[in-house]
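To start, the structure itself, in structure tokens.
For this chain, numbers begin at 1 and follow the sequence in order.
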Amino acid sequence: KEAMVGVSHFSDIGFALDESNNVSFAASLNSLMQNCQMSPLGSDGSDCLIKDKSGAELHIGLKRNASGQWELRAANPAFAGEGHADIEIVADVSDPRYVPFERRFSAHFAGDQAPIVFELADPREASRFVPGTKDSVSIAAFSREPHVFPDEAAYMKAQGNEKIKFAANYFVPSGMFFQKMGGTMDDGAKQPLADADFAGTVLKAEQRTNAFGQKFWWTTLNTYSDAIFDVVMDSSVSETPKAGSIVTGRFWLSARIAP
């Protein structure tokens with residue numbers, strides 16, 4: 001999702017893609033696409049899915065041009081894990097420029113009105129996300145700069161003498177706020193982004209290796225509204241996560257219908 005070489009949402013699940021420019025990025029993707037599973041998407045598109053036993057997934061959106069050749073339209077990481085959250089769908093907030101390859105929805109946690117925005121891990125599931133309906137989803141969270149604390153005491157201590165401290169399970173939908181307000185939306189943008197700032201307690205932590213030999217951290221986090229998120233992190237994270245650790249940061253959220 002972000003243009004740089006090194007740590008990115010792709011490297012969070014071990015895909016070492018060169019995002020320094022469009023040409024290098026396309027070349028990196030082409031080297032992987034021989035392993036993808038093609039499925040129809042829309043009238044003239046296709047979802048090219050790369051996945052393995054580690055849970056790591058890469059969805060590449062392709063569309064045929066006037067000459068009948070495939071053109072890259074989107075590429076997004078995803079993760080199939082153990083997360084679970086009960087939500088109620090509010091609206092389809094997809095950016096029309098990228099439909100049907102990227103689909104984004106706003107919702108709120110079941111039982112309260114706290115909002116959340118996420119992109120679909122698999123855009124082919126879009127028809128199942130109907131405004132006004134309740135769904136159980138599995139949410140994976142990707143972050144470039146997660147902060148890991150050994151326990152809640154260390155997390156609270158790190159906040160110093162602030163009069164109001166962030167709870168160990170706070171959740172702020174930062175993708176719904178403009179950048180001038182500290183959020184991630186471009187000032188003046190019309191669609192919210194699938195970003196959130198939150199913290200949670202690690203239930204499980206495991207270093208995994210994807211099919212390309214790249215390592216990454218997978219954790220399950222208990223966070224706001226007792227939701228369980230799968231949080232994936234680049235293997236270079238400074239503090240090793242373990243059960244009882246607190247993980248916090250700004251994350252991009254990817255969701256799928258829960259198994």
Side-chain angles (χ1 to χ4, degrees), residues 1-22 24-29 31-33 36 47-52 54-61 72-81 83 94-95 98 101-105 116-123 137-148 172-175 179 183-186 191-200 207-212 214-221 223 229-238 241 247-256:
K1 300 294 291 184
E2 302 178 15
M4 67 169 289
V5 179
V7 179
S8 70
H9 297 326
F10 295 103
S11 68
D12 282 342
I13 49 174
F15 288 114
L17 301 178
D18 184 348
E19 300 173 72
S20 57
N21 57 65
N22 289 341
S24 297
F25 185 52
S28 296
L29 288 174
S31 68
L32 300 176
M33 286 176 59
C36 82
D47 178 69
C48 175
L49 171 62
I50 299 168
K51 65 177 183 178
D52 61 44
S54 72
E57 295 183 356
L58 182 59
H59 287 263
I60 303 171
L72 174 67
R73 290 303 178 94
N76 287 295
F79 185 81
S94 304
D95 187 329
Y98 303 115
F101 306 103
E102 293 183 351
R103 300 301 301 268
R104 189 184 311 148
F105 288 84
I116 181 172
V117 179
F118 50 80
E119 288 199 24
L120 298 190
D122 187 343
V137 295
S138 179
I139 294 177
F142 297 73
S143 177
R144 177 181 289 178
E145 295 184 57
H147 302 284
V148 182
V172 176
S174 50
Q179 292 178 3
T184 62
M185 282 179 68
D186 288 338
Q191 286 93 15
L193 299 177
D195 296 325
D197 296 9
F198 66 82
Q207 190 171 58
R208 294 190 172 183
T209 304
N210 67 17
F212 302 95
Q214 302 298 314
K215 297 182 182 298
F216 64 94
W217 280 102
W218 163 69
T219 66
T220 55
L221 246 65
T223 185
F229 287 179
D230 291 291
V231 175
V232 288
M233 296 175 279
D234 188 271
S235 60
S236 63
V237 64
S238 58
V247 174
T248 186
R250 175 161 288 179
F251 300 83
W252 174 72
L253 305 181
S254 168
R256 69 182 72 228

- Message: Test side chain to side chain contact (heavy atoms under 4.5 Å, CB included) on Ile116 and Ile139; report intermediate values, then the result.
- Response: CA-CA 11 Å; Ile116 181 172; Ile139 294 177; 3.7 Å; yes
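- Using cut-offs of 30° and 60° on the angle between ring planes, the pair His9 and Trp252 is parallel.
- Residues passing the ring-ring contact (aromatic ring centres under 6.0 Å, His included) test with Tyr98, sequence neighbours excluded: none.
- Proximity of the aromatic rings of Phe229 and Phe251 is defined here by a centroid distance below 6.0 angstrom, and this criterion is not met.
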- Under the side chain to side chain contact (heavy atoms under 4.5 Å, CB included) criterion, do Leu32 and Ile60 qualify, and how do the steps go? CA-CA 10 Å; Leu32 300 176; Ile60 303 171; 5.6 Å; no
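- Considering only residues two or more places apart in sequence or on other chains, Phe105 meets the ring-ring contact (aromatic ring centres under 6.0 Å, His included) condition with Phe129.
- Partners of Asp230 under the salt bridge (charged side-chain N to carboxylate O under 4.0 Å, His left out) rule, at least two apart in sequence or in another chain, do not exist in this structure.
- Using modelled atom types, one finds a donor on one side chain and an acceptor on the other under 3.5 Å when comparing His59 with Asp47.
- A side-chain donor from one of Arg103 and Ser94 sits under 3.5 Å from a side-chain acceptor of the other.
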- Query: How far apart are the C-alpha atoms of Leu72 and Asn22, what are their side-chain angles, what is the distance that settles it, and do they pass the side chain to side chain contact (heavy atoms under 4.5 Å, CB included) test?
  - Reply: CA-CA 10 Å; Leu72 174 67; Asn22 289 341; over 6 Å; no
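- Not a single side chain to side chain donor-acceptor pair (under 3.5 Å) links Trp217 to another residue, sequence neighbours left out.
- Residues satisfying the ring-ring contact (aromatic ring centres under 6.0 Å, His included) test with Phe101, not counting sequence neighbours, are none.
- Phe10 pairs with exactly one of Phe79, Phe216, Phe212, Phe25 by the ring pair (Phe, Tyr, Trp, His ring centres under 6.0 Å) rule, that one being Phe25.
- In this structure Asp186 satisfies the salt bridge (charged side-chain N to carboxylate O under 4.0 Å, His left out) test with no other residue, sequence neighbours excluded.
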